[in-house]
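Data first, discussion second: the structure below is written as structure tokens.
The figures that follow rest on heavy atoms only: side chains count, while hydrogens, waters and symmetry mates do not. Counting from 1, the numbers follow the sequence of the chain as shown.
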Amino acid sequence: MNSPEQPLPTFDEVLLCTPQTSAEQVGLFLRRCLIPCRGGNKIYTMLYADELSYDVSKRAEELFQHLQCYNSSYRLIILCNCEGENSYLPSAFSHYKVHMIPQRSRAEIQQYLQHHFRVPRPSDSAAAVFKEHMCVGIVSSKRAGMGK
């Protein structure tokens with residue numbers, strides 16, 4: 001985020017974990033991260049790793065230990081909910097733990113995201129319904145089930 005021209009992460013750089021995430025999905029993700037290829041300087045991120053089941057987490061740790069010898073310059077971020085920090089994967093990687101404080105203000109982060117999510121004006125896009133031609137929007141309601 002040092003420059004507005006830096007791209008957002010691509011689909012292969014992010015794994016959004018849920019309790020249903022399989023060991024195969026995590027394994028493919030770790031292989032992309034830890035096996036060197038021409039892709040270069042990507043930063044891989046596992047989101048909500050604390051949501052993974054015990055079995056999947058255990059297999060992920062074992063695979064990580066096995067593959068990390070192939071690449072000493074990997075860049076992997078594992079983000080967890082602070083309430084789930086006692087689950088298996090966060091505990092297994094706790095010696096790498098870094099408490100993160102955002103280095104940019106909320107306004108700077110919003111401006112960066114707006115730069116990347118804005119659709120050019122002369123287009124017939126669904127983005128026209130969102131504020132400032134954004135291709136991403138959040139629709140919410142205080143009442144559940146009201147046709148969002």
Look only at the side chain of [X] and the backbone of [Y], and say whether a donor-acceptor pair between them is shorter than 3.5 Å.
X: Asn71; Y: Ile35; answer: no
X: Arg31; Y: Gly27; answer: yes
X: Glu61; Y: Lys58; answer: no

Return the minimal non-hydrogen interatomic distance between [X] and [Y], and the atom names on each side.
X: Ser87; Y: Ser91; answer: O-OG, 2.9 Å
X: Gln20; Y: Gln25; answer: O-OE1, 4.2 Å
X: Val56; Y: Thr21; answer: CG2-O, 3.6 Å
X: Pro90; Y: Asp50; answer: CG-CB, 4.0 Å

Just jot down the side-chain contact (heavy atoms from CB on, under 4.5 Å) partners of [X], sequence neighbours excluded, or say none.
X: Phe11; answer: none
X: Gln111; answer: none
X: Ala49; answer: Met46, Ile78, Cys80, Leu89

Handout entry: Side-chain H-bond candidate by donor/acceptor type, Asp55 with Ser57, under 3.5 Å
Key = no

Acceptor/donor pairs from residues 63-70 side chains to any protein atom, 3.5 angstrom cut, sequence neighbours excluded:
none

Handout entry: Leu34 CG to Ser73 OG distance, which is reported to the nearest 0.5 Å
Key = 10.0 Å

Handout entry: ILVMFWY cluster membership beyond Leu28 - transitive side-chain contacts under 4.5 angstrom
Key = none

Fill in the blank from the handout: Excluding Tyr48, membership of its hydrophobic cluster (Ile, Leu, Val, Met, Phe, Trp, Tyr; side-chain heavy atoms within less than 4.5 Å) reads Val14, Leu16, Ile43, Leu47, Ile77, Leu79

Handout entry: Beyond-backbone contact of Tyr112 with Glu108, side-chain heavy atoms, under 4.5 angstrom
Key = no

Exercise for the section: Check whether any side-chain heavy atom of Leu113 lies under 4.5 Å from a side-chain heavy atom of Leu8, and answer yes or no. Expected result: yes

Practice task
Dump the intermediate steps for side-chain contact (heavy atoms from CB on, under 4.5 Å) on Arg59 and Glu24, then the final yes or no.
Solution key: CA-CA 10 Å; Arg59 289 177 62 187; Glu24 289 75 22; 4.0 Å; yes

Exercise for the section: Please identify each residue that fulfils side chain to side chain donor-acceptor pair (under 3.5 Å) with Ser53, with sequence neighbours left out. Expected result: none

Fill in the blank from the handout: Those residues at least two apart in sequence (or on a different chain) that pass side chain to side chain donor-acceptor pair (under 3.5 Å) with Glu51 are none

Problem - ring pair (Phe, Tyr, Trp, His ring centres under 6.0 Å) partners for His115, two or more places apart - result: none

Exercise for the section: Identify, with sequence neighbours excluded, every residue that meets salt bridge (charged side-chain N to carboxylate O under 4.0 Å, His left out) alongside Asp12. Expected result: Lys42

